[in-house]
Amino acid sequence: MKERKQRKLNTSMISLWLLHGKEATCRQWLADGPKRLLEKGAVHLDSSDNIYKVKSELKNAAKIYSMEYYFEISGKIADWNCTLHDLQLCFGVKEFLVISPQSASGVVLDAPEATKLLSAVSIALANCSSLWPAFVPVHDPSRKAFIGIQNMGTIFTRRFEADRIGSQVPIKFMHLEGLYELFVSKFAYCMSDHSMHLFRVHLLMKLTYQTLSNDEDNYDDIQEADTENAESETSPGCGNPNRKHWDDDCPWNEWYSAEDPVMRFDLVVTWSEKVVESSLEMAEMENASPHEAEKWILAPNLYPNLDSSKGDRIGFASQLHLLVNALEMSFEAPFIEDFVSVENPGSDNLESTMVIPPPTVLDRVLKDLFLEDPQLPDFAKDEHKSSRAIKGAPVESLFVQFCLHSLWFGNCNIRAIAVLWIEFVQEIRWHWEESQPLPKIPANGSIDLATCLINQKLQMLAICIGKKRELNEEFEDCIGTKDDASANMEEVNKVGDESSSFHARSQAFDEKRDSLLTPEGFNGSKTVESKFSANAQDVHSSDKSTLDSIRRGSAGPVGSMKLLKLCQSLHAPFTQSAPLMTEDMHEERLRAIETFGFSFLERETLSSDMSAFKAANPGAVFEDFIRWYSPRDWENDESEAKGPSTDLTEGMNVDWPPQGRLSRRMSESGNFWRKIWDEAPILPASEQKPLLDPNREGEKILHYLETMQPHQLLEQMVCSAFRASADTLNQTNYGSLKEMDTKMDQLYLTMASTLRPLQVNLLSNTSDTIEDLQRLCVVFEHVEKLLILAASLHRRFRQVPRISEAIFSNYYNFYLPTMGIGLADVDTQKEFDMKLQLSQNERQVVSNMFTPPTANQSWRKVLSMGNHLNGHEPILREIIFSMHDNASDNHYASSSHRDYQQDTETYRMYTCGTSNDLRVALSIISYD
């Protein structure tokens, strides 16, 4: 008894203390107003776009209480489809106070204390002439229970009460009919049977449906797959494949499987306000289809770590970051083998986590790299317009495939890369020694100087292997021909001399193999004739047959051009193809020209062409070669400038000898070209030593690959891996998302500028480029995440692209401020929240996302509520019941001078919940 009196005394003292302290605070807040409170530092609520709060504390020896004032800036009434505060939604208020103790629970557990506290605040607000409602949290925090009060400025008071049932909801309250009767009972309690009376109850209803998350969907698929596998064991040969992952047809799926960034979708279906007069109408409404609702609002639910980096996301960006770390470590040793051997001095610096995959994994990677594809892929397919600005290689090329495999081999550490590279080069050497064509190398006989040097070397090696195979085939044909000749001498005598026959075939083969060097002023398609065909222009020559008999390697006459010393047609020779060169060979050639004025390769090529010209034009002089090979070094007289004769049958009428002279450059004594002409033998191209020695060049390439320094390898790998990763992502189909197109364009430009020091060999172990590359990985990760989201949205809404475009654009604007910083610095507390209202033609597409539940899903879920959407019940049902009374003749209208009637909401009940959870919030106007 004594303790009860003491508690009442303490409660009274607290009430008086609060009454004095809170009244002063309320007066100050009323005087400041919302705009002034914002200037003083009112806090914005992240859960709402337009709600702010200020906070005040009072301390005494017993307890510490806090009073929070919530207010809005906008004067318009917020729709309940917008983001509202929990108390705004429950009780329909706009601005309010919350008084709570500063304790672990944050609620008032003692009922008398709560009542006294609320009374004290009510008196304080009345003294301030404030109409703010005030709320006090009570009971257990999990119940989200409140009691509240609001002074209406008259003798009437609005009282609030909210509570929650967390389990075992009565079946009656699972249905709309039971909830309607619960609301009616609050004002019809004095009637014995309120079902006999009709009450005009206003009703608003909102249902939330939710698609299955990927985890739930995968669980059901696993259960179904287990059942199918069990059935297939009894029926051999009729297996059912398991469900595919969502990105199985995406370009990045060859290297990793991305988590679907869209966890699920929430569909909020809202009915317009209705007036219900009986529980029968509620029962009918429960059977109504969601398609009859006024509004459909779609809300994407993305994974919370989509815009954060927690180290558990695997993609190109994460592996590229590891490759950059390997590049930084590559300067610690001069040879690739040093990172493999544990006996080298630098092995102590290698971390224990740098493990090497088992041999089985290595064999599988090599088999995939060197698997011969009968049809080469299109290397320029879906290539970005800025892709070639990065000195890498096409995605499907052999070296780029090696780089992409390295990203996932042994977690892309330097030791694993070294092991894979050594085995890779050994496999290339085997192809060289066995004259086997290299896979994934275009067989067009050209070298793309816009690619990295290793790719150029591999292209060169593929050409050398092809030449080597041709020489081997010629040798085998020669041996086989000689064997046939000795075994069939009689048949050979009928045909002719075997050696001359072989020489003719060999020459014909070489002439077809060698490319024709077309000089200026020579049109091969019109003037080239077979050396075995008759030439009408040479009929007038008395010794034509003699000259033709010794003419070798001729591709045909060049128009009406004549030799200077003989009145014979000038013939264009078959020449050897100019030897192909890689980038470093071109640089070596330029250095030789700067030093000596010419390069060895130029001398060899020029000598070969002069020898072929001499063989095709017996009796020709140096000036004839210059007229054909370098016309700009031959100065014609006006007589020859008239052009060649058009009369091919009357060759004697053609002016001869041609008039003209050598240029000053070619006329100088000791001219380099004339010296080579004098030394050049008379040999057709088919009998010359090849300009490109495949054996020598092939061994030089293998020596380069086997002895290159680690940092040189890693520099080219980084450039190629970045370009290939971006090219792979660029093949993704994400529809017409302009923001994504812009980000991809910016990514390529950023990569080109950042990777430029690696392309010109300006990188060092102390260079700032490593930091730039690490920042580039962050940029790449941002773009990669956006692109995966774009692909996920596009594949869901192909038929209604407006939805995917609207969602992606909204998320892009939400995510854009974080793209200039590291992902570790992203504020993960703010979540993406978007609601998109759907049109009528978009509803069916969204409805199809709610696939009918499978047998497992139906068994695990008991449908207890109505308004099903394709067999799915709502996960949340919200209803607002309200009762309006006419206020023209009562105290509510006493201060009104208007002559029309006005309705006042006297009863309001908000319900929110499912079959396992129900929350009810009630507000009633009562007479004091």
Side-chain angles (χ1 to χ4, degrees), residues 10-48 50-73 84-141 143-153 157-162 921 923:
N10 292 338
T11 303
S12 300
M13 292 179 62
I14 292 174
S15 300
L16 292 175
W17 164 69
L18 285 174
L19 180 62
H20 179 268
K22 294 304 179 185
E23 183 175 337
T25 303
C26 291
R27 289 184 183 275
Q28 183 64 44
W29 287 346
L30 283 169
D32 289 338
K35 294 184 179 180
R36 181 64 177 167
L37 291 176
L38 284 178
E39 296 175 359
K40 290 186 175 181
V43 179
H44 176 258
L45 298 186
D46 293 335
S47 59
S48 178
N50 196 37
I51 301 180
Y52 297 81
K53 74 172 182 178
V54 290
K55 184 178 180 180
S56 177
E57 296 182 357
L58 283 180
K59 303 179 181 179
N60 70 346
K63 286 187 176 182
I64 302 177
Y65 288 87
S66 67
M67 183 171 69
E68 296 174 333
Y69 170 47
Y70 294 81
F71 60 95
E72 294 182 353
I73 300 300
L84 299 176
H85 189 274
D86 180 60
L87 294 179
Q88 288 180 317
L89 188 59
C90 287
F91 302 110
V93 296
K94 182 179 179 182
E95 50 186 359
F96 55 91
L97 297 175
V98 176
I99 301 91
S100 60
Q102 291 191 356
S103 59
S105 63
V107 298
V108 179
L109 300 177
D110 185 62
E113 178 186 353
T115 303
K116 292 290 185 180
L117 185 62
L118 195 61
S119 299
V121 174
S122 177
I123 295 173
L125 292 174
N127 293 338
C128 299
S129 299
S130 172
L131 302 181
W132 294 341
F135 300 95
V136 175
V138 294
H139 306 309
D140 186 81
R143 293 171 59 176
K144 298 181 180 180
F146 287 87
I147 59 173
I149 192 170
Q150 180 184 15
N151 180 17
M152 303 294 293
T157 302
R158 188 190 300 271
R159 297 188 179 273
F160 308 96
E161 183 178 0
S923 63

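FYI, the numbering just counts along the sequence from 1.
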Chemist: Any non-hydrogen side-chain atom of Trp29 less than 4.5 Å from a side-chain atom of Ser130?
Modeler: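 Side-chain contact under 4.5 Å: no.
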Chemist: So, Arg36 and Glu39, do they make that salt bridge, N to O below 4.0 Å?
Modeler: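 Yes, this pair counts.
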Chemist: Check whether any side-chain heavy atom of Ser100 sits under 4.5 Å from a side-chain heavy atom of Glu68, and report yes or no.
Modeler: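 No, side chains not in contact.
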Chemist: Counting only heavy atoms not in Glu161, do more than 12 sit closer than 6.0 Å to its CD atom?
Modeler: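 For Glu161, atom CD is not crowded (no more than 12 foreign heavy atoms under 6.0 Å).
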Chemist: First locate atom OG1 of Thr115, then atom CD1 of Ile149, and finally report the distance between them rounded to the nearest 0.5 Å.
Modeler: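 Answer for the OG1-CD1 pair, Thr115 versus Ile149, is 10.0 Å.
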Chemist: Has the side chain of Gln88 got a donor or acceptor atom that lies under 3.5 Å from a matching backbone atom of Lys94?
Modeler: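 Checking the backbone N and O of Lys94 against the side chain of Gln88, a donor-acceptor pair under 3.5 Å is found.
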Chemist: Any side-chain to backbone donor/acceptor pair from Ser122 onto Leu118? Under 3.5 Å, distance only.
Modeler: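 No, Ser122 side chain to Leu118 backbone: no donor-acceptor pair under 3.5 Å.
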Chemist: Does a salt bridge link Asp86 with Lys144, judged by any charged N lying under 4.0 Å from a carboxylate O?
Modeler: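 No, no charged N to carboxylate O under 4.0 Å.
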Chemist: Output the distance between atom CD1 (Ile99) and atom CG (Leu117), rounded to the nearest 0.5 Å.
Modeler: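 Answer rounded to 0.5 Å: 6.0 Å.
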Chemist: Minimum heavy-atom separation for Pro141 and Ser105, please, with both atom names.
Modeler: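 So the minimum-distance heavy-atom pair works out to CG-O, 3.6 Å.
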Chemist: Counting C-beta onward and ignoring hydrogens, is there a side-chain heavy-atom pair between Tyr65 and Val121 closer than 4.5 Å?
Modeler: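 They are not in side-chain contact.
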Chemist: Between Val108 and Pro101, is there a side-chain heavy-atom distance shorter than 4.5 Å?
Modeler: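 Contact flag for Pro101/Val108 side chains = yes.
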Chemist: Is there side-chain contact between Leu37 and Tyr52, with at least one heavy-atom pair below 4.5 Å?
Modeler: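 No, too far: nothing below the 4.5 Å cut-off.
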Chemist: For the residue pair Leu45 and His85, what are the closest heavy atoms and their distance?
Modeler: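 Closest approach of Leu45 to His85, heavy atoms only: CD1-CD2, 4.0 Å.
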Chemist: Which atom names give the shortest non-hydrogen contact between Ala145 and His139, and what distance separates them?
Modeler: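 Scanning both residues completely, I find the closest heavy atoms to be CB-CD2, 3.6 Å.
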Chemist: Within the structure provided, determine whether Val54 and Lys40 are in side-chain contact (heavy-atom separation under 4.5 Å).
Modeler: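 The answer is no; the side chains never approach within 4.5 Å.
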Chemist: Do Arg143 side-chain atoms and Val138 backbone N/O form a donor-acceptor pair below 3.5 Å?
Modeler: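 Not a single qualifying donor-acceptor pair exists.
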Chemist: Can you name the closest pair of heavy atoms from Met152 and Leu131 and give their distance?
Modeler: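 Heavy atoms of Met152 and Leu131 come nearest at C-CD2, 4.0 Å.
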Chemist: Would you compute the distance between atom OG of Ser923 and atom CZ of Arg158 and round it to the nearest 0.5 angstrom?
Modeler: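 With rounding to 0.5 Å, OG (Ser923) is 5.0 Å from CZ (Arg158).
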Chemist: Give me the atom names and distance for the closest heavy-atom approach of Ala134 to Leu125.
Modeler: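 Smallest interatomic distance, heavy atoms only, reads CB-CD1, 4.1 Å.
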Chemist: Verify the ring-centre separation between Phe135 and Phe160: is it less than 6.0 angstrom?
Modeler: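 For Phe160 and Phe135, the ring centres are under 6.0 Å apart.
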Chemist: Angle class for the Tyr69/Trp132 ring planes (parallel below 30°, perpendicular above 60°, tilted otherwise)?
Modeler: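 It falls in the parallel class, under 30°.
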Chemist: Write down the atom of Glu23, the atom of Cys128, and the distance for their closest heavy-atom approach.
Modeler: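 Between these two residues, the closest heavy atoms are O-SG, 3.5 Å.
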